[in-house]
Structures are given as C-alpha cells and as structure tokens.
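Naming convention: chains lettered A, B, ... in sequence-line order (proteins, then strands); numbering from 1 in each chain. For clarity, every value in this text was computed on a predicted model and none was experimentally measured. Below, each value reflects all heavy atoms present in this structure, side chains not excepted, and no hydrogens, waters or symmetry copies.
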2 protein chains.
Amino acid sequence: MIKKSLDTSILLGIYEAATKLVSKNVEFVEKAGLSNQQWIILIYLAKDPNLPYLIREKHEKPMMASELANALGVTRANITNLINVLLEKKLIKQVEDADDRRIKRLMMTPKAEKLIKTMQPNRLKSNKEHLVGLTIKEKKEFLSYLQRITKNIMDS
Amino acid sequence: MIKKSLDTSILLGIYEAATKLVSKNVEFVEKAGLSNQQWIILIYLAKDPNLPYLIREKHEKPMMASELANALGVTRANITNLINVLLEKKLIKQVEDADDRRIKRLMMTPKAEKLIKTMQPNRLKSNKEHLVGLTIKEKKEFLSYLQRITKNIMDS
DNA sequence: TTTAATAGTTAATTTGATTAACTAATTTAG
DNA sequence: CTAAATTAGTTAATCAAATTAACTATTAAA
C-alpha cells in the first residue's frame, strides 16, 4: 500500500539511527549516573564544539535555561526540572546575570568537568566504532549532506 | 576542553536531525490524533517498505508485539500499553496465531488504512521538503552511508 | 509610564517508558 | 517422554520526561 520512496527511506533511516545511537550511548552515560537528557545538557554547558547548535551559533556567555530549551526543542518548564536534578547532583551551578536580573547563567561545576573528562575516552571510542569503515572524505561528505538536510527540516 | 571530532559531529548531527524531524512530523501526526510512537507502530503494521527494519528483514506474517518491541528497541510491556491505546481507538486488531497459541498477530483495521491513506500526501510533501536541493544521486549516496553507520551502531 | 515581552518557577497532569512478577504455551535437553 | 527453560504477553507499581497553565520578577517597547 505505502510506496517505496527514497525521501521517506532516508528520514526513517535517520530516525532509526538516532534511536539506536541513544540506546548505545546509554551504556557509558548511565554508567556515569546520568540520563540521556542530563548528558546532553552537560555537553552543551561544556561547549562541546561538535554540537550542531554551537556550530551554527557561537556563544560567548554561559548559556541560560531558555536558550537550552530552544536548543533542545523542549519547554522552559522541562529544563527547570532537568536543571534541578543536575543542581542536586552538584554538576551545575546557576550564576545570576549582572546585566539582566531575570537571567541565570548555567555553568558546570569542577565535579562535572571531571566527570566529562573521565567519560570522554569511552565516548570517543564508541563514536569511532560507529563510523568504522568510512574514510575521512566519506565522513565529510556525509556530514555535509546531513547539515543540508537538517537545515531543510529547520527551515520548513 | 572537548576537542573537535568529525565522528562526534556526525553522531550529534544525526541525533539533532532526528529530534527536529520528530517535532516537524508531529504537525501531521497529531492532526491525525496520534502520538509519535502510535504513528510508528501503524507504519510498521502497514508494512511501510521504507522502514529500515523491514528493508533488512522481510516479514510474511503480520507482526507480533515482541517483534515490534524488538524493532523499536523498547520493552514488551511498553508495547502492550501502546497497543491498548490503538485497540481503544479501533485502529488495530489482534488475531490469535493458529500455530502458536502464545502469539497474537497485530493487524490494522480498515479505519487505520483509511487514516494512513489520508495522511500520506502530507507526509510525502513534508518528506520531500526535507530533502529539497539534493539530487537523486546525492540522496542515494547519503542513504548508503547512513545504512553503513546504522549497521555499525547495531553491531557494536 | 503603562503595556508587552522575556526568564524562570511552580503545580498538576500526561505520556512513555521501565522493572518485577505473573500466566500460558512451546521448546529443549536430559 | 517428561522436567526445565524459554518465549509471548499481561499486569501493577513506579519513574522519567514532558506538557500546559498560572504565576512572579524584570526588562523592553509603545
């Protein structure tokens, strides 16, 4: 009934890859006592230069909750909850902005920096395995296509 | 602190693309009164030939709950819940397997077939927009890379 | 200087998911 | 051939992630 379509195959393919990826990542993420979302927030605060969002727009000042909500595509209320958990775990701290007193800037604690540092080798090893067999040229080409597709999705 | 890495950029890129994709899809999915997961289950039952899982392994008989659980990477208990909702909505029915009385085969109702048919034009239009600007050759190349990466992730 | 908009929080709720324990049916291994 | 193990599915309790709506405080705009 539903016909074969290259477009649809690609998009369902991206969805499946992401799903499998998250369940693989869980292995080293929950070994660190984190949920996937908590982990994502931490790498945002660590300013991981591989994050598409940070590639697209540079951030000088530490991020605030509403930027995070926007980047992750969720509500501010949701971010508040996630932040509370990370605060309890003493992995982040909030610093009031001097210029705008509505804003609280989010920063990692030394504990979080240390945690990320210890996770990084496993993370890189895992990521490398996921791309084994592709040449640098192929990877660059793939990333370039992916960025074009992502831009399309966001602009639509 | 975290270094730039082509591998990591690709994997975070896939994750972001999938996230944005789901939020875009929600537009036509929830117009049909479905959640994302309910929608995914329906296209499995509709045997959408674009689903990577169905591309990898052919299914003659209608799917059963545990196959679905395996395909989506969730627990059987979760599938039971999702199925109950779809049963209430009269979008699927369960048929007892003649050979193995533990098994209940899942099938779409005519109502679901009709629903999917009405959704299909919007879905295709949306999918097409997400891949605008890429040639057929580029799309095929991208899909081929994506399948290699997905296989890596699953095998690791 | 009112009015709008923005940042963040709170409370109530929903959805999606999990684990653990269970029944029933089928397979496997001694 | 039967006892033990596995598989399919369900149930109940619970958790995590997310939402909406209403709220305070602050800043920006008309």
List, one per line, each side-chain donor-acceptor pair under 3.5 Å for residues 149-156 of chain B, sequence neighbours excluded.
unit_1, atom_1, unit_2, atom_2, d
B:Thr150, OG1, B:Leu146, O, 2.8
B:Lys151, NZ, B:Asp155, OD2, 2.6
B:Asn152, ND2, A:His130, O, 3.1
B:Asn152, ND2, A:Val132, O, 2.9
B:Ser156, OG, B:Ile153, O, 3.0

Check whether any side-chain nitrogen or oxygen of B:Thr75 sits under 4.0 Å from OP1 or OP2 of C:dT18, and answer yes or no.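 Result: yes.
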Should B:Gln38 be listed as having a side-chain N or O under 4.0 Å from OP1 or OP2 of C:dT15?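 Indeed not, no polar side-chain atom of B:Gln38 lies that close.
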Check A:Lys90 against A:Thr109 and note the closest heavy-atom contact, atom names and distance.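 Between these two residues, the closest heavy atoms are O-OG1, 2.8 Å.
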A:Ser66 and A:Arg76: which non-hydrogen atoms are nearest, and at how many Å?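 The pair with the smallest heavy-atom distance is CB-CD, 3.9 Å.
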Rounded to the nearest Å, what distance is computed from the [atom1] atom of residue [X] to the [atom2] atom of nucleotide [N]?
X: A:Asp99; N: D:dT27; atom1: CG; atom2: P; value: 10 Å
X: B:Asn78; N: D:dA12; atom1: CG; atom2: C1'; value: 15 Å
X: B:Glu96; N: C:dA25; atom1: CD; atom2: P; value: 10 Å

Look at the aromatic rings of A:Tyr145 and B:Phe142 and report parallel, tilted or perpendicular, splitting at 30° and 60°.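 Ring orientation, 0 to 90° scale: perpendicular.
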Do A:Tyr44 and A:Glu67 meet the criterion of a side-chain donor-acceptor pair at a distance under 3.5 Å?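 No - no donor-acceptor pair under 3.5 Å links their side chains.
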So, A:Asn50 and B:Ser5: side-chain donor and acceptor under 3.5 Å apart, yes or no?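 Looking only at side-chain atoms, B:Ser5 and A:Asn50 do not form any donor-acceptor pair under 3.5 Å.
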Measuring only between side-chain heavy atoms, which start at C-beta, is A:Leu54 closer than 4.5 Å to A:Pro49?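 Side chain of A:Leu54 against side chain of A:Pro49, heavy atoms only: no contact under 4.5 Å found.
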Taking the nucleotide of DNA chain D with the nearest heavy atom to each, does A:Leu82 or A:Arg101 sit closer to the 5' end?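 By nearest-heavy-atom nucleotide position, the 5'-most residue is A:Leu82.
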Above 12 or not: heavy atoms from other molecules or residues under 6.0 Å from CD of A:Glu57?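 Correct, the count exceeds 12.
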What is the bend of the helix from C:dA5-D:dT26 to C:dG30-D:dC1 when you compare the axis at one end with the axis at the other, using five pairs each and rounding to 10°?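 It works out to 20° between the end axes.
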For nucleotides 6-13 of chain C, read 5' to 3', which letter fits each nucleotide if B means a protein heavy atom sits under 4.0 Å from the base, S means only the sugar-phosphate is that close, and - means neither? BBBBB---
